[in-house]
A.B. asks: 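Please find one structure pasted underneath; my questions will follow.
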Amino acid sequence: MQKIYPGDTRSTLEVFRLYEASGEYFDISDPSRVTRDSIVIGQPEAVVSGYFVGDKCIGCKLCCSVCPQKCIDISARPVVIDQSRCLHCGRCEEICPKQAIEKRG
């Protein structure tokens with residue numbers, strides 16, 4: 001690249017800049033304990049995404065039985081999904097007999 005952009009002209013290589021951005025990433029280094037988190041650059045509007053349990057939950061625990069991460073706290077009612085460990089696979093939503101689980105974002 002030095003032959004194409006000699007001296008101080010290399011600043012032309014700056015193709016883009018990110019002023020605002022948001023996204024999510026997964027840490028799959030330990031497949032039995034996948035972690036999900038978000039990254040924010042600047043001050044973009046927060047986007048809430050994931051699967052959330054509503055008031056129609058009857059506490060049947062079927063969602064937990066199909067969750068590959070076992071990230072659903074069944075001691076509460078409605079049950080609570082740990083968003084930092086959820087894979088967004090949707091199995092909980094599919095099995096819920098009361099359609100109490102919804103995907104957002």
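Owing to the predicted nature of the structure, the values given are computational and were not obtained by experimental measurement.
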A.B. asks: Sequence neighbours excluded, which residues qualify as salt bridge (charged side-chain N to carboxylate O under 4.0 Å, His left out) partners of E94?
C.D. replies: none
A.B. asks: Mind checking the OH-CD spacing from Y51 to E102? Nearest 0.5 Å is all I need.
C.D. replies: 11.0 Å
A.B. asks: Cluster question for you: counting only ILVMFWY and a side-chain heavy-atom cut-off of under 4.5 Å, with indirect links fine, are L62 and V66 together?
C.D. replies: yes
A.B. asks: Would you list the atom pairs, donor with acceptor, under 3.5 Å between side chains in residues 67-77 and any protein atom, with sequence neighbours excluded?
C.D. replies:
from, atom 1, to, atom 2, distance (Å)
Q69, NE2, V34, O, 3.3
K70, NZ, C64, O, 2.9
K70, NZ, S65, O, 3.4
K70, NZ, C67, O, 3.4
D73, OD1, S75, N, 2.9
D73, OD1, S75, OG, 2.5
D73, OD2, S75, OG, 3.4
R77, NH2, I58, O, 3.4

A.B. asks: Sequence neighbours left out, what passes side-chain contact (heavy atoms from CB on, under 4.5 Å) with D30? Give chain and number order.
C.D. replies: S32, R33
A.B. asks: Please name the pair of heavy atoms, one in A100 and one in C57, separated by the smallest distance, quoted to 0.1 Å.
C.D. replies: CB-N, 3.4 Å
A.B. asks: Quick one, L87 with F26, criterion side chain to side chain contact (heavy atoms under 4.5 Å, CB included). Give me CA distance, side-chain angles, the key distance, then yes/no.
C.D. replies: CA-CA 8 Å; L87 293 174; F26 288 89; 4.1 Å; yes
A.B. asks: Let me confirm one number: the CZ-CD1 distance from F52 to I81, rounded to the nearest 0.5 Å.
C.D. replies: 8.0 Å
A.B. asks: Is it true that E93 and K103 make a salt bridge, defined as a side-chain N closer than 4.0 Å to a carboxylate O?
C.D. replies: no
A.B. asks: Determine whether more than 12 heavy atoms belonging to other residues, nucleotides or ligands lie under 6.0 Å from atom CD1 of I28.
C.D. replies: no
A.B. asks: R36 and E24: side chain to side chain contact (heavy atoms under 4.5 Å, CB included), yes or no, with the steps?
C.D. replies: CA-CA 7 Å; R36 183 172 61 88; E24 294 179 335; 2.8 Å; yes
A.B. asks: Is it the case that atom CD in Q43 sees more than 12 heavy atoms from other parts of the structure closer than 6.0 Å?
C.D. replies: no
A.B. asks: Keeping R104 on the side-chain end and S49 on the backbone end, is there a donor-acceptor pair under 3.5 Å?
C.D. replies: no
A.B. asks: Could you give me the CA-CA distance, side-chain angles and deciding distance for D37 and Y25, then say whether side chain to side chain contact (heavy atoms under 4.5 Å, CB included) is met?
C.D. replies: CA-CA 6 Å; D37 205 352; Y25 66 90; 3.5 Å; yes
A.B. asks: Would you say the side chain of I41 lies within less than 4.5 Å of the side chain of S22, judging by non-hydrogen atoms?
C.D. replies: no
